[in-house]
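Throughout, protein chains are lettered first and strands after them, A, B, ... in sequence-line order, and every chain is numbered starting at 1. All values reported here derive from a predicted model rather than from experimental measurement. Values reported hereafter were calculated over all heavy atoms of this structure, with side chains retained and with hydrogens, waters and symmetry mates removed.
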There are 2 protein chains.
Amino acid sequence: MAEEGFRGPQVCKIVGITYRQLDYWARTNLIRPSIADAKGSGTQRRYSYRDLLELKVIKNLLDAGVSLQLARKAIEYIRQNLGDDVATASLVMNGPKSVLTRSDGEVIDLMRQGQGVLNIVPLGPVVEQLDAAIHELRPAGAALQDEAAPAKAASAGG
Amino acid sequence: MAEEGFRGPQVCKIVGITYRQLDYWARTNLIRPSIADAKGSGTQRRYSYRDLLELKVIKNLLDAGVSLQLARKAIEYIRQNLGDDVATASLVMNGPKSVLTRSDGEVIDLMRQGQGVLNIVPLGPVVEQLDAAIHELRPAGAALQDEAAPAKAASAGG
DNA sequence: CGTTGTAACTACGCGCCTGTCACGCCTCGG
DNA sequence: CCGAGGCGTGACAGGCGCGTAGTTACAACG
(Lines give C-alpha, C1' and ligand atoms only; values in the text may rest on other atoms or scores of the structure.)
Protein backbone atom coordinates (compact mmCIF):
# COMPACT_ATOMS: atom_id res chain seq x y z
CA MET A 1 0.00 0.00 0.00
CA ALA A 2 2.67 2.46 -1.00
CA GLU A 3 4.05 3.42 2.34
CA GLU A 4 5.94 6.59 2.65
CA GLY A 5 9.58 6.90 1.85
CA PHE A 6 12.23 4.82 0.14
CA ARG A 7 13.41 1.34 1.03
CA GLY A 8 17.02 0.32 1.46
CA PRO A 9 17.94 -1.26 -1.86
CA GLN A 10 16.18 1.46 -3.77
CA VAL A 11 18.04 4.10 -1.82
CA CYS A 12 21.30 2.44 -2.81
CA LYS A 13 20.44 2.68 -6.49
CA ILE A 14 19.28 6.26 -6.28
CA VAL A 15 22.22 7.52 -4.30
CA GLY A 16 24.79 5.27 -5.93
CA ILE A 17 26.16 3.43 -2.93
CA THR A 18 26.29 -0.21 -1.90
CA TYR A 19 23.91 -1.79 0.52
CA ARG A 20 26.69 -2.50 2.96
CA GLN A 21 27.51 1.16 3.10
CA LEU A 22 23.93 2.11 3.76
CA ASP A 23 23.71 -0.55 6.41
CA TYR A 24 26.97 0.40 8.03
CA TRP A 25 26.04 4.06 8.11
CA ALA A 26 22.72 3.25 9.71
CA ARG A 27 24.32 1.08 12.37
CA THR A 28 27.00 3.61 13.18
CA ASN A 29 24.48 6.42 13.51
CA LEU A 30 25.58 8.36 10.48
CA ILE A 31 22.18 8.33 8.84
CA ARG A 32 19.18 6.52 10.26
CA PRO A 33 16.01 6.14 8.21
CA SER A 34 13.92 8.94 9.64
CA ILE A 35 10.53 7.56 8.61
CA ALA A 36 10.84 4.03 9.92
CA ASP A 37 13.79 2.28 11.46
CA ALA A 38 14.40 -1.43 11.13
CA LYS A 39 12.82 -3.57 13.82
CA GLY A 40 14.52 -6.86 13.11
CA SER A 41 15.11 -9.01 10.07
CA GLY A 42 12.41 -8.79 7.49
CA THR A 43 11.31 -5.31 8.40
CA GLN A 44 12.11 -2.40 6.21
CA ARG A 45 13.95 0.83 6.62
CA ARG A 46 12.11 3.86 5.28
CA TYR A 47 14.18 6.79 4.19
CA SER A 48 12.78 10.26 3.65
CA TYR A 49 13.71 12.59 0.84
CA ARG A 50 15.81 14.58 3.26
CA ASP A 51 17.66 11.40 4.14
CA LEU A 52 18.41 10.87 0.49
CA LEU A 53 19.76 14.37 0.25
CA GLU A 54 22.14 13.80 3.12
CA LEU A 55 23.17 10.47 1.71
CA LYS A 56 23.91 12.07 -1.62
CA VAL A 57 26.03 14.69 0.06
CA ILE A 58 28.01 11.98 1.77
CA LYS A 59 28.39 10.08 -1.46
CA ASN A 60 29.73 13.19 -3.17
CA LEU A 61 32.11 13.81 -0.31
CA LEU A 62 33.45 10.29 -0.50
CA ASP A 63 33.86 10.54 -4.25
CA ALA A 64 35.82 13.72 -3.69
CA GLY A 65 38.22 11.88 -1.41
CA VAL A 66 36.89 13.18 1.89
CA SER A 67 37.07 10.75 4.75
CA LEU A 68 33.91 9.33 6.25
CA GLN A 69 34.90 10.81 9.57
CA LEU A 70 34.73 14.32 8.22
CA ALA A 71 31.54 13.50 6.36
CA ARG A 72 29.96 12.66 9.70
CA LYS A 73 30.73 16.12 11.01
CA ALA A 74 29.48 17.70 7.83
CA ILE A 75 26.14 15.92 8.08
CA GLU A 76 25.88 16.81 11.72
CA TYR A 77 26.35 20.45 10.84
CA ILE A 78 23.89 20.32 7.96
CA ARG A 79 21.21 18.85 10.17
CA GLN A 80 21.46 21.70 12.59
CA ASN A 81 21.95 24.62 10.26
CA LEU A 82 20.51 23.90 6.85
CA GLY A 83 16.96 25.14 6.43
CA ASP A 84 14.61 24.64 3.54
CA ASP A 85 16.20 26.52 0.69
CA VAL A 86 18.84 23.96 0.00
CA ALA A 87 19.65 24.70 -3.61
CA THR A 88 21.13 28.12 -3.03
CA ALA A 89 23.52 27.14 -0.29
CA SER A 90 27.03 25.76 -0.29
CA LEU A 91 28.69 23.86 2.47
CA VAL A 92 32.23 24.95 3.20
CA MET A 93 34.41 22.95 5.53
CA ASN A 94 37.67 24.16 6.98
CA GLY A 95 39.03 21.09 8.64
CA PRO A 96 36.56 20.00 11.30
CA LYS A 97 34.72 23.31 11.21
CA SER A 98 31.83 23.78 8.82
CA VAL A 99 30.09 26.86 7.49
CA LEU A 100 27.15 27.42 5.21
CA THR A 101 27.40 30.15 2.60
CA ARG A 102 24.77 31.70 0.39
CA SER A 103 26.94 33.59 -2.07
CA ASP A 104 30.23 33.21 -3.90
CA GLY A 105 31.72 36.21 -2.19
CA GLU A 106 31.61 34.53 1.16
CA VAL A 107 33.64 31.69 -0.23
CA ILE A 108 36.32 34.06 -1.46
CA ASP A 109 36.55 35.66 1.95
CA LEU A 110 36.96 32.27 3.55
CA MET A 111 39.65 31.40 1.05
CA ARG A 112 41.67 34.47 1.91
CA GLN A 113 41.52 34.10 5.66
CA GLY A 114 41.43 30.34 5.78
CA GLN A 115 44.71 28.80 6.81
CA GLY A 116 43.97 25.32 5.64
CA VAL A 117 42.23 23.31 3.02
CA LEU A 118 38.68 24.17 2.10
CA ASN A 119 36.16 21.56 1.08
CA ILE A 120 33.29 23.13 -0.82
CA VAL A 121 30.02 21.38 -1.58
CA PRO A 122 27.56 23.29 -3.77
CA LEU A 123 24.22 21.86 -2.74
CA GLY A 124 22.30 22.94 -5.83
CA PRO A 125 23.84 20.33 -8.12
CA VAL A 126 23.34 17.73 -5.40
CA VAL A 127 19.59 18.32 -5.46
CA GLU A 128 19.56 18.09 -9.24
CA GLN A 129 21.47 14.84 -9.29
CA LEU A 130 19.21 13.41 -6.67
CA ASP A 131 15.96 14.36 -8.36
CA ALA A 132 17.19 13.08 -11.68
CA ALA A 133 18.11 9.74 -10.15
CA ILE A 134 14.76 9.47 -8.40
CA HIS A 135 12.78 10.10 -11.54
CA GLU A 136 14.89 7.69 -13.53
CA LEU A 137 14.72 4.86 -11.05
CA ARG A 138 11.10 5.35 -10.09
CA PRO A 139 9.16 2.37 -11.43
CA ALA A 140 5.65 3.10 -12.64
CA GLY A 141 2.90 2.54 -10.12
CA ALA A 142 5.00 3.65 -7.19
CA ALA A 143 4.10 7.30 -7.33
CA LEU A 144 4.11 7.72 -3.63
CA GLN A 145 4.43 11.05 -2.03
CA ASP A 146 5.03 13.66 -4.71
CA GLU A 147 5.32 16.29 -2.08
CA ALA A 148 8.04 14.64 -0.14
CA ALA A 149 10.31 16.19 -2.72
CA PRO A 150 10.19 19.97 -2.72
CA ALA A 151 8.45 19.78 -6.03
CA LYS A 152 9.77 22.92 -7.72
CA ALA A 153 8.59 21.65 -11.13
CA ALA A 154 11.76 19.77 -11.75
CA SER A 155 11.80 20.15 -15.53
CA ALA A 156 14.42 22.84 -15.22
CA GLY A 157 17.34 20.44 -15.31
CA GLY A 158 16.12 17.32 -17.02
CA MET B 1 78.47 17.25 8.86
CA ALA B 2 75.98 19.62 7.45
CA GLU B 3 75.00 17.49 4.57
CA GLU B 4 72.31 18.74 2.35
CA GLY B 5 68.70 18.36 3.20
CA PHE B 6 66.66 17.31 6.19
CA ARG B 7 66.73 13.99 8.01
CA GLY B 8 63.71 11.91 8.83
CA PRO B 9 62.97 12.78 12.47
CA GLN B 10 63.57 16.45 11.85
CA VAL B 11 61.22 16.38 8.89
CA CYS B 12 58.55 14.96 11.16
CA LYS B 13 58.88 17.83 13.59
CA ILE B 14 58.89 20.47 10.89
CA VAL B 15 55.94 19.10 8.99
CA GLY B 16 54.04 17.92 12.04
CA ILE B 17 53.66 14.24 11.24
CA THR B 18 54.80 11.06 12.93
CA TYR B 19 57.80 9.06 11.88
CA ARG B 20 55.60 6.13 10.98
CA GLN B 21 53.71 8.28 8.55
CA LEU B 22 56.89 9.52 6.92
CA ASP B 23 58.21 5.99 6.73
CA TYR B 24 54.99 4.59 5.39
CA TRP B 25 54.72 7.27 2.76
CA ALA B 26 58.28 6.65 1.65
CA ARG B 27 57.73 2.91 1.37
CA THR B 28 54.51 3.28 -0.53
CA ASN B 29 56.07 5.72 -2.98
CA LEU B 30 54.10 8.74 -1.91
CA ILE B 31 57.15 10.84 -1.16
CA ARG B 32 60.68 9.55 -1.40
CA PRO B 33 63.58 11.63 -0.10
CA SER B 34 64.82 13.22 -3.29
CA ILE B 35 68.34 13.99 -2.06
CA ALA B 36 69.32 10.64 -0.61
CA ASP B 37 67.27 7.50 -0.20
CA ALA B 38 67.81 5.04 2.63
CA LYS B 39 70.29 2.29 1.96
CA GLY B 40 69.54 0.01 4.89
CA SER B 41 69.39 0.33 8.63
CA GLY B 42 71.53 3.07 10.05
CA THR B 43 71.57 5.16 6.91
CA GLN B 44 69.65 8.37 6.62
CA ARG B 45 67.02 9.72 4.35
CA ARG B 46 67.64 13.23 3.05
CA TYR B 47 64.67 15.32 2.17
CA SER B 48 64.84 18.47 0.06
CA TYR B 49 62.92 21.65 0.71
CA ARG B 50 60.58 20.74 -2.10
CA ASP B 51 59.92 17.44 -0.39
CA LEU B 52 58.97 19.28 2.75
CA LEU B 53 56.59 21.42 0.78
CA GLU B 54 54.84 18.40 -0.63
CA LEU B 55 54.73 16.76 2.77
CA LYS B 56 53.18 19.85 4.27
CA VAL B 57 50.54 19.87 1.58
CA ILE B 58 49.72 16.29 2.38
CA LYS B 59 49.59 17.06 6.07
CA ASN B 60 47.16 19.89 5.45
CA LEU B 61 45.03 17.66 3.26
CA LEU B 62 44.85 15.01 5.94
CA ASP B 63 43.97 17.58 8.57
CA ALA B 64 41.16 18.72 6.31
CA GLY B 65 39.75 15.21 6.20
CA VAL B 66 40.96 14.31 2.73
CA SER B 67 41.87 10.68 2.24
CA LEU B 68 45.47 9.68 1.66
CA GLN B 69 44.43 8.19 -1.64
CA LEU B 70 43.36 11.54 -2.99
CA ALA B 71 46.42 13.18 -1.51
CA ARG B 72 48.52 10.86 -3.64
CA LYS B 73 46.87 12.10 -6.78
CA ALA B 74 47.21 15.68 -5.65
CA ILE B 75 50.94 15.32 -5.11
CA GLU B 76 51.31 13.59 -8.43
CA TYR B 77 49.62 16.50 -10.11
CA ILE B 78 51.66 19.07 -8.24
CA ARG B 79 54.89 17.43 -9.25
CA GLN B 80 54.03 17.66 -12.88
CA ASN B 81 52.40 21.04 -13.05
CA LEU B 82 53.60 23.28 -10.25
CA GLY B 83 56.48 25.46 -11.25
CA ASP B 84 58.56 27.79 -9.14
CA ASP B 85 56.18 30.47 -8.00
CA VAL B 86 54.39 28.40 -5.47
CA ALA B 87 53.00 31.05 -3.19
CA THR B 88 50.58 32.57 -5.66
CA ALA B 89 48.94 29.34 -6.70
CA SER B 90 46.08 27.34 -5.32
CA LEU B 91 45.42 23.70 -5.90
CA VAL B 92 41.82 22.88 -6.69
CA MET B 93 40.69 19.29 -6.84
CA ASN B 94 37.42 18.14 -8.29
CA GLY B 95 37.30 14.53 -7.27
CA PRO B 96 40.24 12.79 -8.90
CA LYS B 97 40.90 15.70 -11.24
CA SER B 98 43.18 18.49 -10.16
CA VAL B 99 43.71 22.00 -11.43
CA LEU B 100 46.06 24.80 -10.49
CA THR B 101 44.69 28.33 -10.32
CA ARG B 102 46.44 31.66 -10.03
CA SER B 103 43.53 33.92 -9.15
CA ASP B 104 40.35 33.89 -7.13
CA GLY B 105 38.21 34.35 -10.20
CA GLU B 106 39.22 30.99 -11.56
CA VAL B 107 38.05 29.38 -8.37
CA ILE B 108 34.63 30.99 -8.71
CA ASP B 109 34.31 29.71 -12.25
CA LEU B 110 35.16 26.22 -11.11
CA MET B 111 32.63 26.48 -8.32
CA ARG B 112 29.84 27.37 -10.70
CA GLN B 113 30.50 24.68 -13.23
CA GLY B 114 31.77 22.06 -10.83
CA GLN B 115 29.37 19.21 -10.32
CA GLY B 116 30.99 17.80 -7.24
CA VAL B 117 32.95 18.71 -4.18
CA LEU B 118 35.89 21.05 -4.52
CA ASN B 119 38.98 20.73 -2.37
CA ILE B 120 40.92 23.96 -2.37
CA VAL B 121 44.47 24.27 -1.07
CA PRO B 122 45.95 27.78 -1.04
CA LEU B 123 49.67 27.17 -1.32
CA GLY B 124 50.80 30.52 -0.02
CA PRO B 125 49.94 29.78 3.61
CA VAL B 126 51.52 26.37 3.24
CA VAL B 127 54.85 27.96 2.39
CA GLU B 128 54.54 30.34 5.30
CA GLN B 129 53.74 27.59 7.76
CA LEU B 130 56.63 25.55 6.47
CA ASP B 131 59.21 28.33 6.63
CA ALA B 132 58.09 29.31 10.09
CA ALA B 133 58.44 25.76 11.32
CA ILE B 134 61.86 25.42 9.75
CA HIS B 135 63.17 28.55 11.40
CA GLU B 136 61.71 27.62 14.72
CA LEU B 137 62.99 24.09 14.80
CA ARG B 138 66.36 24.89 13.38
CA PRO B 139 68.78 24.80 16.33
CA ALA B 140 71.85 27.01 16.14
CA GLY B 141 74.86 25.42 14.53
CA ALA B 142 72.89 23.76 11.85
CA ALA B 143 72.60 26.75 9.59
CA LEU B 144 73.06 24.76 6.49
CA GLN B 145 71.54 25.83 3.27
CA ASP B 146 69.70 29.10 3.79
CA GLU B 147 69.10 29.15 0.12
CA ALA B 148 67.74 25.69 -0.18
CA ALA B 149 64.53 27.58 0.46
CA PRO B 150 62.91 29.00 -2.66
CA ALA B 151 65.82 30.84 -4.17
CA LYS B 152 64.18 30.34 -7.53
CA ALA B 153 66.57 27.74 -8.81
CA ALA B 154 67.05 27.65 -12.54
CA SER B 155 66.22 24.00 -12.97
CA ALA B 156 63.45 22.09 -11.34
CA GLY B 157 64.41 18.43 -11.35
CA GLY B 158 67.78 17.18 -10.38
C1' DC C 1 88.83 -0.47 17.81
C1' DG C 2 84.97 -0.92 21.02
C1' DT C 3 81.07 1.72 22.80
C1' DT C 4 77.19 4.63 22.40
C1' DG C 5 73.56 6.95 19.84
C1' DT C 6 70.53 7.42 16.23
C1' DA C 7 67.81 6.14 12.50
C1' DA C 8 66.05 2.77 9.46
C1' DC C 9 64.02 -1.86 9.30
C1' DT C 10 60.87 -5.66 10.63
C1' DA C 11 56.98 -7.89 12.74
C1' DC C 12 52.67 -7.65 14.84
C1' DG C 13 48.24 -5.80 15.72
C1' DC C 14 44.44 -2.49 15.87
C1' DG C 15 40.52 0.35 14.13
C1' DC C 16 37.99 1.76 10.21
C1' DC C 17 35.40 0.73 6.25
C1' DT C 18 33.64 -2.29 2.88
C1' DG C 19 32.57 -6.84 0.14
C1' DT C 20 30.73 -11.58 0.51
C1' DC C 21 27.94 -15.29 2.20
C1' DA C 22 24.47 -17.64 4.71
C1' DC C 23 20.48 -17.17 7.39
C1' DG C 24 15.78 -15.60 9.39
C1' DC C 25 11.97 -12.96 9.08
C1' DC C 26 8.36 -10.14 7.12
C1' DT C 27 5.44 -8.83 3.23
C1' DC C 28 3.16 -9.66 -0.83
C1' DG C 29 0.52 -12.39 -4.37
C1' DG C 30 -2.57 -15.97 -5.11
C1' DC D 1 -3.69 -19.80 4.32
C1' DC D 2 0.58 -20.86 1.97
C1' DG D 3 4.51 -20.33 -0.96
C1' DA D 4 8.01 -17.13 -2.98
C1' DG D 5 10.82 -13.41 -2.87
C1' DG D 6 12.65 -9.37 -0.89
C1' DC D 7 15.07 -7.33 3.06
C1' DG D 8 17.63 -6.82 7.24
C1' DT D 9 21.17 -9.28 10.07
C1' DG D 10 25.33 -11.51 11.78
C1' DA D 11 29.74 -13.47 10.96
C1' DC D 12 33.74 -13.36 8.51
C1' DA D 13 37.40 -11.65 5.36
C1' DG D 14 40.42 -8.21 3.76
C1' DG D 15 42.84 -3.89 2.53
C1' DC D 16 44.40 0.63 4.20
C1' DG D 17 46.88 3.52 7.43
C1' DC D 18 48.97 3.77 10.76
C1' DG D 19 50.96 2.74 16.35
C1' DT D 20 54.05 -0.01 19.17
C1' DA D 21 58.00 -2.72 20.16
C1' DG D 22 62.08 -4.83 19.23
C1' DT D 23 66.11 -5.42 16.10
C1' DT D 24 69.72 -4.12 13.01
C1' DA D 25 73.18 -1.27 11.01
C1' DC D 26 75.78 2.90 10.19
C1' DA D 27 78.37 6.92 12.29
C1' DA D 28 80.72 9.53 15.54
C1' DC D 29 83.33 9.66 19.65
C1' DG D 30 86.76 8.37 22.80
Side-chain angles (χ1 to χ4, degrees), chain A residues 1-47 51 55 58-59 61-75 137 139 141-142 144, chain B residues 1-33 35-47 51 55 58-59 61-75 137 139 141-142:
Chain A
M1 72 180 142
E3 318 232 355
E4 270 184 88
F6 305 82
R7 295 169 304 176
Q10 190 160 15
V11 169
C12 296
K13 290 171 190 166
I14 292 174
V15 179
I17 59 178
T18 68
Y19 185 84
R20 286 314 281 128
Q21 287 180 299
L22 187 71
D23 183 45
Y24 180 74
W25 297 351
R27 292 172 190 275
T28 54
N29 291 324
L30 213 194
I31 288 194
R32 290 278 193 78
S34 58
I35 295 184
D37 216 337
K39 296 182 291 289
S41 295
T43 62
Q44 289 173 354
R45 298 192 178 101
R46 297 287 184 176
Y47 289 86
D51 292 337
L55 286 168
I58 295 176
K59 161 71 166 157
L61 284 171
L62 292 183
D63 286 347
V66 174
S67 69
L68 194 62
Q69 190 176 11
L70 184 63
R72 289 179 191 272
K73 297 186 177 178
I75 292 302
L137 294 176
L144 24 111
Chain B
M1 152 131 167
E3 319 233 353
E4 267 185 272
F6 305 82
R7 296 168 303 175
Q10 189 159 15
V11 169
C12 296
K13 291 172 189 166
I14 292 174
V15 179
I17 59 179
T18 68
Y19 184 84
R20 288 309 288 127
Q21 287 179 299
L22 189 71
D23 184 46
Y24 180 73
W25 298 349
R27 291 174 189 276
T28 54
N29 291 324
L30 213 194
I31 289 194
R32 290 277 195 78
I35 295 184
D37 216 337
K39 297 182 293 287
S41 297
T43 63
Q44 290 173 354
R45 297 191 178 101
R46 296 288 183 175
Y47 289 85
D51 293 335
L55 286 168
I58 295 176
K59 161 71 166 155
L61 284 171
L62 292 184
D63 286 348
V66 173
S67 69
L68 194 62
Q69 190 175 11
L70 184 63
R72 288 178 193 271
K73 295 186 180 179
I75 291 303
L137 292 176

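- Look at NZ on A/K59: it is 15 Å from C1' on C/dC17, rounded to the nearest Å.
- Rounded to an integer number of Å, the gap from A/I58 CD1 to C/dC17 C1' is 14 Å.
- A/S67 places a side-chain N or O within donor-acceptor distance of the main-chain N or O of B/G65, the cut-off being under 3.5 Å.
- A salt bridge between B/R45 and B/D23 is present, with a side-chain N of the basic residue lying under 4.0 Å from a carboxylate O of the acidic one.
- Take the nearest nucleotide of DNA chain D for B/Q69 and for B/K39: the residue whose nucleotide is more 5' is B/Q69.
- Of all heavy-atom pairs between A/Y19 and A/C12, the closest is CA-SG, 3.5 Å.
- Spacing between atom CG of A/N29 and atom C1' of C/dC16 amounts to 16 Å, rounded to whole angstrom units.
- For the segment residues 15-27 of chain B, the set of residues with a heavy atom within less than 4.0 Å of an atom of DNA chain D comprises B/T18, B/R20, B/Q21, B/Y24, B/W25, in numerical order.
- Look at CZ on B/R45: it is 5 Å from P on C/dA8, rounded to the nearest Å.
- Regarding B/Q44, its CD atom lies at a distance of 11 Å from the C1' atom of D/dA28, rounded to whole Å.
- Contact annotation: B/R72 reaches the phosphate of D/dG17 (side-chain N/O to OP1 or OP2, under 4.0 Å).
- Between the CG atom of B/L62 and the P atom of D/dG17 there is a distance of 10 Å, given to the nearest Å.
- Regarding A/F6, its CZ atom lies at a distance of 14 Å from the P atom of D/dC7, rounded to whole Å.
- Distance alone, capped at 3.5 Å, is enough to place a donor-acceptor pair between the A/D51 side chain and the A/S34 backbone.
- A distance-only check finds no donor-acceptor pair linking the side chain of A/K59 to the backbone of A/I17 [under 3.5 Å].
- Under a 3.5 Å cut-off, the side chain of B/Q21 and the backbone N or O of B/T18 do form a donor-acceptor pair.
- Between B/S41 and A/T43, the residue anchored nearer the 5' end of DNA chain C, judged by the nucleotide with its closest heavy atom, is B/S41.
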